[in-house]
S.K.: 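Below is the structure I would like to discuss, written out as structure tokens.
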Amino acid sequence: MLDIQTLRTDLTTVAARLATRGFVLDTERFGELEAARKAIQVRTQELQSKRNSSSKLIGQAKARGEDTTAIMAEVALVGDELKLMEVQLGELQVALQQMLEGLPNMPHDSVPVGKTEADNVEVRKIGSIPQFGFAVKDHVELGEGLGGLDFETAAKISGARFSVLKGGLARMHRALAQFMLDTHTDQHGYTEVYVPYIVNADSMRGTGQLPKFEEDLFRVPRQMGESGEQNFYLIPTAEVPVTNMVRDEIIPMEQLPLKYVAHTPCFRSEAGSAGRDTRGLIRQHQFEKVELVQIVHPDESYAALEQLLGHAESILQMLGLHYRVVRLCTGDIGFSAATTYDIEVWLPAQNTYREISSCSNFEAFQARRLQARFKCGTGKPELLHTLNGSGLAVGRTLVAVLENNQLADGSVSIPEVLRPYMGGLEVLRAS
RNA sequence: GGAGAGGUGGCAGAGUGGUCGAAUGUACCUGACUCGAAAUCAGGCGUAGGUAUAUGCCUACCGUGGGUUCGAAUCCCACCCUCUCCGCCA
């Protein structure tokens, strides 16, 4: 959420910056709502003030045993108009709030201006494209050949975009997650957290998934009381529960930065991506991810972003995977982000780079919705900055390891760093 | 699932339908005392918003949402959450 004060004082600048990401801000409507809000709020507060002072007089008069019918009749009139004004004011505030919640974050000045992912800027390439002396197989073929990947059974159990992993593949999948967690906790100073996978609507609103992107989520309806229904949601990323840990909190400054890592399943309905990446593990309704979250002082957030990006990259380096880092352009960054780097890993079977991590600085955008603040000494509480990045998407990392480490006979050599997690096994073969 | 207790400022904890935005303690800040610290004393200290430029005034907020009333932290209703005991359970 953007700061409403900034919109009030500097509407045209905000509109211009949002325009770079292809968002049209209806400045006229905002102006109208604001003008109406102002007029009605002033009138409402006037009436409230009058009611309060009159009520006080009534109390005092009654205490003296005087007659109060005249003044009570007067206050009754105030009450009628007040009721009307309060209703109108409430409606206006809801409308303004809805408008505000629908506005994306402003891209940081350093973000390259562009319209689509074609305008993203490559920052660096690490490693080189591996060469194979044989026709490469994709991960589906490899996985099925190893007897560890079964989409048909998954389809029977659940449906499309689910998978069943077995044997060595299932173990390697688990090994990857363990390896990532251990690396981030032991070497990068993150605190491991275990969090709920089902969250309430307030949490989804806090990190920006609601109200705009409900169709991307799996909703869990829940009966509350006798009549009310209140939805829960399956998390689309650990970002949601982990970042929401600081919702409505005031963190003492000396505790910053907070660095959390969580391994969770992620659930995405993938509405609107029908027909895209239907083969294999790339785009699933359920997948595992190790997520890095940092909650930092506003002055530190861009340094923290570089650091976090490096932490995610180090996993790929240790696995010996070739990748590149891409800076997303204004037209391609997500709703809540001010700046985003994507890490794309090389997939030989697709002969292309595929996103395996996305690292973003949200500045105060999420913190404002979350009311996540810090306090320094006696100073006023100020909004924190939040960041997160995948470190990494486990399923896609498994794909990358399988495809990049395949051998001519369809077996897969296991990266050295994973071997301790796999009982010392060096090569994954058909069982 | 059954029974009970409770949700008030950073924390703890009072609160009678009428100057209650809220006592008190504690933490914190400033000043005094001190070489300095502790102790003591004095003062300050919630959040959000409006108005505007005045060290000013006003409004809202006591779990959430409704209701009663001229007036609600206080009364009524519904819900949420926490804790204790019993039952069941991975």
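Please read these numbers as outputs of a predicted model, since none were measured by experiment. Letters go in sequence order (proteins before strands), and every chain restarts at 1.
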S.K.: When the C1' atoms of B:C61 and B:G44 are considered, how many whole Å apart are they?
M.R.: 23 Å
S.K.: Using a strict heavy-atom distance below 4.0 Å, which residues from residues 41-51 of chain A are in contact with RNA chain B?
M.R.: A:Q41, A:V42, A:Q45, A:Q48, A:S49, A:R51
S.K.: Given B:C70, B:U19, B:U47, identify the nucleotide with an atom nearest to the side chain of A:M72.
M.R.: B:C70
S.K.: Enumerate, in order of first residue number, the stems that involve RNA chain B, defined as 3 or more consecutive Watson-Crick or G-U wobble pairs with both distances under 3.5 Å.
M.R.: B:1-7 with B:80-86, B:10-12 with B:24-26, B:28-32 with B:40-44, B:46-51 with B:56-61, B:63-67 with B:75-79
S.K.: Return the nearest nucleotide to the side chain of A:N52; candidates are B:U59, B:C70, B:U19.
M.R.: B:U59
S.K.: Ignoring hydrogens and angles, write down the donor-acceptor pairs under 3.5 Å from the side chains of residues 414-425 of chain A, residues two or more places apart or on other chains.
M.R.:
unit_1	atom_1	unit_2	atom_2	d
A:R419	NE	A:I414	O	2.8
A:R419	NH2	A:I414	O	2.9
A:Y421	OH	A:D182	OD2	2.7

S.K.: How are the rings of A:F374 and A:H297 set to each other: parallel, tilted or perpendicular (split at 30° and 60°)?
M.R.: tilted
S.K.: In whole Å, measure the gap between the P atoms of B:C76 and B:U53 for me.
M.R.: 47 Å
S.K.: Rounded to the nearest Å, what distance is computed from the CE atom of residue A:M85 to the P atom of nucleotide B:U59?
M.R.: 18 Å
S.K.: Compile the donor-acceptor pairs under 3.5 Å between side chains in residues 70-85 of chain A and protein atoms, sequence neighbours left out, one pair per line.
M.R.:
unit_1	atom_1	unit_2	atom_2	d
A:E81	OE1	A:R43	NH2	2.8
A:E81	OE2	A:R43	NE	2.9
A:E81	OE2	A:R43	NH2	3.2

S.K.: Can you identify which nucleotide, out of B:U47, B:G49, B:C81, has its nearest atom closest to the A:R222 side chain?
M.R.: B:C81
S.K.: Residues from residues 241-252 of chain A sitting under 4.0 Å of RNA chain B, heavy atoms only?
M.R.: none
S.K.: Which nucleotide sits closest to the side chain of A:R373: B:U51, B:C70, B:U47?
M.R.: B:U47
S.K.: Mind jotting down which residue pairs meet the ring-ring contact (aromatic ring centres under 6.0 Å, His included) criterion with at least one end in residues 77-117 of chain A? Sequence neighbours excluded, please.
M.R.: A:H108-A:Y302
